[in-house]
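Notes for the one structure printed next.
Model, not experiment: these values are computed from the prediction. We name chains A, B, ... by the order of the sequence lines, and we start the count at 1 in each one.
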Amino acid sequence: MARILITSAIPYINGIKHLGNLVGSQLPADLYARYQRGRGNEVMFLCATDEHGTPAELAAAKAGKPVAEYCAEMWAVQAEIAKGFRLSFDHFGRSSSKQNHKLTQHLAGKLYEAGLIREVDDQQMYSKADGRFLPDRYVEGTCPNCGFESARGDQCDNCTKQLDPVDLINPRSTISGSTDLEMRPTKHLFLCQSKLKDQLEAWIDSKTDWPVLTTSIAKKWLNDGDGLQDRGITRDLDWGIPVKRGDEDWPGMEGKVFYVWFDAPIEYIACAAEWAEANGKTEADWQRWWRTDKGAGDVRYVQFMGKDNVPFHTLSFPATMIGSGEPWKMVDYIKSFNYLNYDGGQFSTSRGRGVFMDQALEILPADYWRWWLLSHAPESSDSEFTWENFQASVNKDLADVLGNFVSRVTKFCRSKFGEVVPEGGDYGDQEFALVAELEEKLEAYEAHMEAMEVRKAAAELRAIWVAGNEYLQAAAPWAAFKEDPDRAAAIVRLSLNLIRLYAVLSEPFIPDASATMLAAMNADGAGWPDSVGDALAVLEAGHGFSVPDVLFAKISDEDRESWQERFAGTRT
RNA sequence: GGCGGUGUAGCUCAGUUGGUUAGAGCAGCGGAAUCAUAAUCCGCGUGUCCGGGGUUCAAGUCCCUGCACCGCCA
C-alpha cells in the first residue's frame, strides 16, 4: 500500500474564495485524494487557512473585530464551505496555530545557524495615527509624474509609473487617511536564497517528470536577471508569528513578525501536527509523513496549486527546507493550474466578480460544480466558465448520460421484475464485449488519474458511462422481454451491476451522487474493481434495490438566465 | 517598459520527441429505438491550425517577425 501526502495551496483567510480558486487547487487535490483512497492507498490530505499579513488585519478592522477573532470566524466559514463541496481534508488547519508558530520559529533558527539569514537596514513609511509601518501599497498620494491623486506607494494606477512611497506628494495612509507619516528606519531579516541557488537548481533539474508550466516558471525565477534574489522574511506588524530563533528571542527583532510568505507553506507541515493533536495521535504519527528520518522515506508528496503559487513552492519553501539542514520530506510532484476565467473576464476576489463558493452551493449541489469544474480544469491553458457551457455540460453529462442511465435501468427493472436483481438468462457476446471495452477504458481512466490528467480522466469516466448506454441500446431489454424474458433479466442484472460500478468509479468526481447510487443499489463498502468482470457480478440475483430519486435535475433555461443575471455584476 | 502565456471546427478544448487524408465533447443536420429526467443510440466535420517570412525531404508542432487577447513584474 502506497502512502501519499497531498496538500492544496492554502486559501487566504480574507473572505470566501471563488470557483477559480477552488478549481486551481483544493478541488483537484480532493479528486486525487479520493481516488487514491479508493485504490486502497494510505492518504494524508492537508489544507489550512493562510491567516497572517496586512490584508487580514485590515479586513478584521473593517469588520470591527480583533484580528484573532475575525480569523477564527472566517476559518469556520471556510471550513463549512469546504465541507459543502465535500473536500475530504484529513485536517483543515490554520497557519496561526501554535504548531505553526513553533515550527516557523524553529526553522528560522535553523536557517540562522546555517548562516542563511542576514539582517538588512531599511527605511519604511510609518503612520503615527495608525501606530504602524505601512506596506507600500497602503500609502496613497498624488503622483509626482502625472498628478493623479490616488497613486499608490508602489505604483501609479493612472500612468503606471513605478513609485516609491517617498515620491508621493501629500502621502496619506489608506488605512486611516492620516497624513501624519514619516520615513523611519527599520531592520528586517532576509533569507539568503541566492546561496541556495545551485542546490535548488539541481533539485529542480532532478524533477524530470514535472509539467513544463511548473519547471519553466521555476527556471525563470532562478535564472532571470540577477538570478534568485534574497527575500525579506519579516514585517513590522502585530498579527503574525513573532520573530524568534527557536525558543530564543531574536535581538533587534522585537515586535516584528515573520512575513506571511515564510510561515504559510510551513503550515503544510504544522497542519499535520494539528491533525495529530485533533485526533489523539502522537508526534510520531505525523512525523512519519514529514520526516524522512522518521518514516516518510516511502511517502509520495504531491502539491496542488494555481500557477501564481509556483515560485513559492518550487523555490522559497524548498529553500527553507533545504536550508534548515533537516531531513524534511520534499515535494515529489507539483500539479499546477492556469486560471479559470468568468464570462469573458477574470474571476476577481477584490472586485467581487464571478461566482463564489458559498453562492455556488446556494444554487446547486456540490456535484454539479465538481463535475463541471474538474472536467474543464484549466490544465494546459486558461479556460472559460460560461453559464451556457455549464448548463449544457451538466445537463448532458450528469442528467442525460449518467442520471438517465440509472433511471431507465432501475425503472425498467421495477416494472418488469420488481425491485430485486432478476435471475435467469446467460451473458453472451454483447456482455463479453462490454466487459472487454470497460476493462480498456478503466485502465485508461486509472492512468489519467494517476497522472493527475484531470480533464482526460473526466472524459474517460464519461466514456465509461456512455458505454452503458450503448450497451443498453444494443441489447434492448425492452424488446427482448417480449420474446425471451430470461434474456432481458440477464441484461438488466448486468446493468444494475453497472450502476454499482459507476458509483465506485465516479466517487472521486461526484461523491454525493455516488453515495446515492450505492444506497439505491443497497451496496456499501465497495472497493475499487480488480476486474470489471468480477465487479459486474457483485449484485447477485435476488439482491434487493430501490429506484432512486432523479439523480441530477436538469438546469432549465429560466434558471440559467436568472443566475446569469444575478452574477453579472459584482458581489457587494 | 520588461517578462511570460494564449491565439486550432459555431462553442469548450486535445494535439506527445516535427512525419501519412488535423481530432474529442457539445451545438447543428439526418436516421433508429421507445425502457428512461423528450432522455438514449447510430451516421454526417475542407477548418487560410491569427498574419507574414524562414529552417527542413516534411511544421499546427522548430526559428524570426507582425497583430490580438490575457496575465505577471518593477
Side-chain angles (χ1 to χ4, degrees), chain A residues 20 136-137 152-156 159-164 208 211-213 216-221 223-226 229 306-311 336-348 372-373 375-417 448 451 453-463 465-482 488 491-492 495-496 499 547-556:
Chain A
D136 292 353
R137 61 195 177 114
R152 291 200 318 253
D154 53 351
Q155 173 181 16
C156 173
C159 69
T160 74
K161 183 178 169 61
Q162 65 187 73
L163 302 170
D164 202 277
T208 52
V212 183
L213 179 65
S216 67
I217 291 173
K219 285 287 202 175
K220 184 193 154 218
W221 281 60
N223 298 311
D224 224 36
D226 300 328
Q229 298 299 300
K307 60 184 172 187
D308 51 328
N309 258 321
V310 169
S336 59
F337 289 84
N338 288 285
Y339 296 137
L340 179 68
N341 289 321
Y342 178 76
D343 233 355
Q346 47 182 332
F347 274 92
S348 168
W372 191 89
L373 290 169
S375 61
H376 294 78
E379 290 178 294
S380 53
S381 66
D382 291 356
S383 66
E384 174 98 359
F385 175 92
T386 64
W387 286 101
E388 286 83 357
N389 186 294
F390 176 68
Q391 177 195 25
S393 297
V394 163
N395 285 352
K396 185 68 180 178
D397 298 349
L398 298 181
D400 297 347
V401 176
L402 177 62
N404 184 54
F405 177 78
V406 172
S407 190
R408 67 197 296 207
V409 169
T410 54
K411 286 180 179 172
F412 179 78
C413 184
R414 181 173 63 183
S415 74
K416 304 301 182 195
F417 303 101
H448 288 138
E453 294 266 22
V454 179
R455 299 176 77 127
K456 287 179 180 170
E460 202 61 42
L461 178 60
R462 186 186 186 284
W465 296 338
V466 167
N469 279 315
E470 287 174 4
Y471 163 74
L472 207 59
Q473 203 64 27
W478 48 88
F481 186 76
K482 295 168 189 163
I491 297 167
V492 170
S495 298
L496 287 166
I499 294 174
V547 176
D549 290 336
V550 166
L551 220 47
F552 294 99
K554 290 213 203 189
I555 297 171
S556 68

Between [X] and [Y], what is the shortest heavy-atom contact and its length?
X: A:Asn469; Y: A:Asp400; value: ND2-O, 4.4 Å
X: A:Ser393; Y: A:His376; value: OG-CE1, 3.5 Å
X: A:Trp372; Y: A:Val394; value: CB-CG2, 4.2 Å
X: A:Leu472; Y: A:Ser495; value: CD1-OG, 3.3 Å

In whole Å, what separates the [atom1] atom of [N] from that of [M]?
N: B:rG45; M: B:rU21; atom1: C1'; answer: 13 Å
N: B:rU65; M: B:rG2; atom1: P; answer: 13 Å
N: B:rC42; M: B:rA33; atom1: P; answer: 15 Å
N: B:rG47; M: B:rC11; atom1: P; answer: 14 Å
N: B:rU61; M: B:rG19; atom1: P; answer: 11 Å
N: B:rG51; M: B:rC67; atom1: C1'; answer: 7 Å
N: B:rA22; M: B:rU34; atom1: C1'; answer: 38 Å
N: B:rC41; M: B:rA36; atom1: C1'; answer: 13 Å

Verify the contact: side-chain N or O of [X] to OP1 or OP2 of [N], cut-off strictly under 4.0 Å; return yes or no.
X: A:Lys396; N: B:rU40; answer: yes
X: A:Arg462; N: B:rC26; answer: yes
X: A:Lys554; N: B:rA38; answer: no

Given B:rA36, B:rA33, B:rA39, the nucleotide with the shortest approach to the side chain of A:Asp400 | B:rA39
Considering only heavy side-chain atoms of A:Trp478, the closest of B:rU34, B:rA36, B:rC41 is B:rU34
Length of the [atom1]-[atom2] vector between [X] and [N], whole Å:
X: A:Lys456; N: B:rA24; atom1: NZ; atom2: P; value: 15 Å
X: A:Tyr339; N: B:rC13; atom1: OH; atom2: P; value: 16 Å
X: A:Leu402; N: B:rG25; atom1: CG; atom2: P; value: 18 Å
X: A:Arg408; N: B:rU37; atom1: CZ; atom2: C1'; value: 12 Å
X: A:Phe405; N: B:rU37; atom1: CZ; atom2: C1'; value: 15 Å
X: A:Phe337; N: B:rG5; atom1: CZ; atom2: P; value: 19 Å
X: A:Glu460; N: B:rG25; atom1: CD; atom2: P; value: 12 Å
X: A:Lys416; N: B:rU34; atom1: NZ; atom2: P; value: 12 Å

Residue mapping more 5' on RNA chain B - nearest nucleotide basis, A:Ala479 or A:Ala467 | A:Ala479
Taking for each residue the nucleotide of RNA chain B bearing the nearest heavy atom, is the 5' side occupied by A:Gln473 or by A:Cys413?
-> A:Cys413
Pairing check on [N]: which nucleotide meets the Watson-Crick or G-U wobble criteria with it, both distances under 3.5 Å?
N: B:rU17; value: none
N: B:rA33; value: none
N: B:rU12; value: B:rA24
N: B:rA38; value: none
N: B:rA58; value: none
N: B:rC3; value: B:rG71
N: B:rU48; value: none

Looking at every strand, decide which applies to A:Val466 at a 4.0 Å heavy-atom threshold: base, sugar-phosphate, or nothing.
->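 It contacts sugar-phosphate atoms only.
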Quick one: label A:Phe552 by what it contacts on the DNA or RNA (base, sugar-phosphate, nothing), any heavy atom closer than 4.0 Å.
->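 Base contact - A:Phe552 has a heavy atom under 4.0 Å of at least one base atom.
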Ring centre gap for A:Tyr471 and A:Phe405 strictly below 6.0 Å =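 No - the distance between ring centres of A:Tyr471 and A:Phe405 does not fall below the 6.0 Å cut-off.
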Do the side chain of A:Glu460 and the main chain of A:His448 share a donor and acceptor less than 3.5 angstrom apart?
->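 Absent.
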Check for a donor-acceptor pair, side chain of A:Asn404 on one end and backbone N or O of A:Ala399 on the other, with a separation under 3.5 Å.
-> no
Polar contact flag, side-chain donor to acceptor under 3.5 angstrom, A:Trp465-A:Asp397 = no
Got A:Arg462 and A:Lys396 here, is their nearest side-chain heavy-atom distance under 4.5 Å?
->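 Yes, their side chains come closer than 4.5 Å.
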Taking the side chain as every heavy atom from C-beta outward, state whether A:Ser407 and A:Val550 have any atom pair closer than 4.5 Å.
->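 When only atoms from C-beta onward are counted, A:Val550 and A:Ser407 do not touch, as no gap falls below 4.5 Å.
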Shorter than 3.5 Å, N or O on both sides, protein versus nucleotides 6-12 of chain B: list them out with atom names.
| from | atom 1 | to | atom 2 | distance (Å) |
| --- | --- | --- | --- | --- |
| B:rU12 | O4' | A:Asn389 | ND2 | 3.2 |

